[in-house]
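Everything below concerns the one structure shown next.
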Amino acid sequence: MGPSDILLTDQVAIVTGSGAGIGQGIAAGLAAFGADVVVAEIDPERAKVTAALVESHGRRSMIVPTDMSDTGQIRSMVDEAHRHFGRLDVLVNNVGGVRKARFLDQSERSWRRHIDLNLVSMFAATAAASPIMITGGRGGSIVNVASIEALRAAPDFAVYAACKAAMTNFTSTMALELAEHGIRVNALAPDIVATPGIRGILKGPVPSPLPPPPGRSSEGVSRYVPLQREGSVDDCAGAAVFLSSSMARYVTGVTLSIDGGTRASAGWTRQPDGRGWHLFSEHEDVLS
């Protein structure tokens, strides 16, 4: 094993929903370690920004405008990427979305929109990309971006959390089904990560740097997260690069929490004076 084992030189990666946030961070991270990147993104302006980041690392980019809730567009995107680059080594199923609502207040249309975007998109991209990896004979890596909500109850996010839980199970199952072809399948489970979405910037240009969290959120995060900060998209990108590289050649079927320790803390929060921990908060506004 050596430093070169982390490199992805001349590999080709598809990153879905890579116009901003975690997807953009992963696309740029893969490029920094040598991969060419297909930017599958519905927002053309955001896609251009990600493509420029990829190219700033001296790698090739390809933008394929894709509505990831449309399985036909997903299949066409994967085929177009393969025709253009002639190979496919990494698939990052990153796209997703959620709106906060109690389950009984959601319509069936809302359920189906969540399921199509968060779960069916992963099925479709995996079904389209895996045969190309198999035919290529070089193995490959699939990284599914789930959520910490896959691993715990999530009131007001029931359908989203159910999709993410299904994503982690699909990850384990596909790790077995694709193992004989040398294709590894793993998942990431981020918690609080500084992204445009968490700042309420859902469309259009993304300011750089992002605006700070509102109100007393920073104080709340420092108590809720054992490592005392929000995650960054680079934290997620680092994990994706590792899982895509030869450094992780014996790692498959894993869901890796990218959460600063929140799953381990399991409801324990740091006391306001920083000394010791509570099992619950004495203050209603810890995360407000």
Side-chain angles (χ1 to χ4, degrees), residues 6-8 11-42 46-47 50-51 53-54 57 59-64 66 68 74-75 77-78 80-82 85 87-97 117-130 132-133 139-147 150 163-164 167-168 170-171 174-175 178 183-190 193 195 197 231-248 251-256 258:
I6 196 68
L7 297 180
L8 305 170
Q11 294 190 33
V12 173
I14 293 173
V15 185
T16 69
S18 48
I22 291 172
Q24 184 180 82
I26 290 175
L30 295 172
F33 283 80
D36 298 324
V37 180
V38 178
V39 180
E41 167 61 42
I42 196 170
R46 287 187 169 190
T50 301
L53 287 172
V54 169
H57 293 290
R59 303 309 309 180
R60 296 177 294 172
S61 69
M62 178 187 186
I63 296 172
V64 184
T66 312
M68 292 298 299
I74 293 170
R75 288 189 293 270
M77 176 271 294
V78 173
E80 188 174 345
H82 184 220
F85 286 112
R87 63 185 289 172
L88 178 59
D89 305 280
V90 177
L91 169 65
V92 180
N93 286 309
N94 164 77
V95 76
L117 187 60
N118 291 286
L119 188 58
V120 176
S121 67
M122 175 187 63
F123 293 161
T126 302
S130 297
I132 295 171
M133 293 181 180
S141 173
I142 298 174
V143 179
N144 298 319
V145 180
S147 167
C163 290
K164 295 302 185 178
M167 182 180 275
T168 62
F170 182 75
T171 294
M174 292 309 297
L178 296 175
I183 299 170
R184 297 175 298 101
V185 188
N186 295 287
L188 305 180
V193 175
T195 63
S232 72
V233 297
D234 285 346
D235 295 324
C236 298
V241 169
F242 165 70
L243 291 173
S244 300
S245 76
S246 293
M247 291 284 281
V251 179
T252 195
V254 166
T255 295
L256 179 61
I258 314 295

- Quick check: does any side chain N or O of Ser61 sit under 3.5 Å from a backbone N or O of Val54, one acting as donor and the other as acceptor? no
- Any donor-acceptor pair under 3.5 Å from Asn118 side chain to Gly97 backbone: yes
- Task: Please examine the side chains of Ile183 and Ile142, heavy atoms only from C-beta on, and report whether any two atoms are closer than 4.5 Å.
- Result: yes
- dist Lys164:NZ -> Met122:CE (nearest 0.5 Å) comes out at 8.5 Å
- Message: Does Met133 form a side-chain contact (heavy atoms from CB on, under 4.5 Å) with Leu91? I'd like the steps, not just the answer.
- Response: CA-CA 10 Å; Met133 293 181 180; Leu91 169 65; 4.1 Å; yes
- Item | Minimum side-chain heavy-atom gap Val193-Ile258 below 4.5 Å | no
- Keeping the roles fixed (side chain from Arg184, backbone from Leu243), state whether a donor-acceptor pair exists under 3.5 Å. yes
- Message: Using the rule given for side-chain contact (heavy atoms from CB on, under 4.5 Å), can you reason through Ser244 versus Leu8, listing the C-alpha separation, both sets of side-chain angles and the distance that settles it, and then say yes or no?
- Response: CA-CA 8 Å; Ser244 300; Leu8 305 170; 4.2 Å; yes
- Item | Leu30/Val241 under side-chain contact (heavy atoms from CB on, under 4.5 Å): CA gap, chis, key distance, verdict | CA-CA 6 Å; Leu30 295 172; Val241 169; 4.1 Å; yes
- Query: Is the side chain of Ser232 donor-acceptor paired with the backbone N or O of Asp235 at a distance under 3.5 Å, no angle test?
  - Reply: yes
- Task: Mind running side-chain contact (heavy atoms from CB on, under 4.5 Å) on Glu80 and Met62 for me, showing each step along the way?
- Result: CA-CA 10 Å; Glu80 188 174 345; Met62 178 187 186; 3.3 Å; yes
- Query: Are the side chain of Thr195 and the backbone of Ile22 linked by a donor-acceptor contact shorter than 3.5 Å?
  - Reply: no
- dist Leu178:CG -> Thr252:OG1 (nearest 0.5 Å) comes out at 8.0 Å
- Query: Is there a side-chain contact between Pro190 and Val145, using heavy atoms and a 4.5 Å cut-off?
  - Reply: yes
- Is Asn94 reaching over with its side chain to a backbone N or O of Gly17, donor-acceptor style, under 3.5 angstrom? yes
- Query: Regarding Ser18 and Glu41, is there a side-chain donor-to-acceptor distance under 3.5 Å anywhere?
  - Reply: no
- Can you check whether Asn186 reaches Leu256 side chain to side chain, under 4.5 Å on heavy atoms? no
- Query: How about Ile14 and Met77: do any of their side-chain heavy atoms sit closer than 4.5 Å?
  - Reply: yes
- Enter the distance from Thr50:OG1 to Gln24:CD here, rounded to the nearest 0.5 Å. 3.5 Å
- Query: Do any N or O atoms from the side chain of Thr171 and from the backbone of Val185 form a donor-acceptor pair under 3.5 angstrom?
  - Reply: no
- Got Leu188 and Val143 here, is their nearest side-chain heavy-atom distance under 4.5 Å? yes
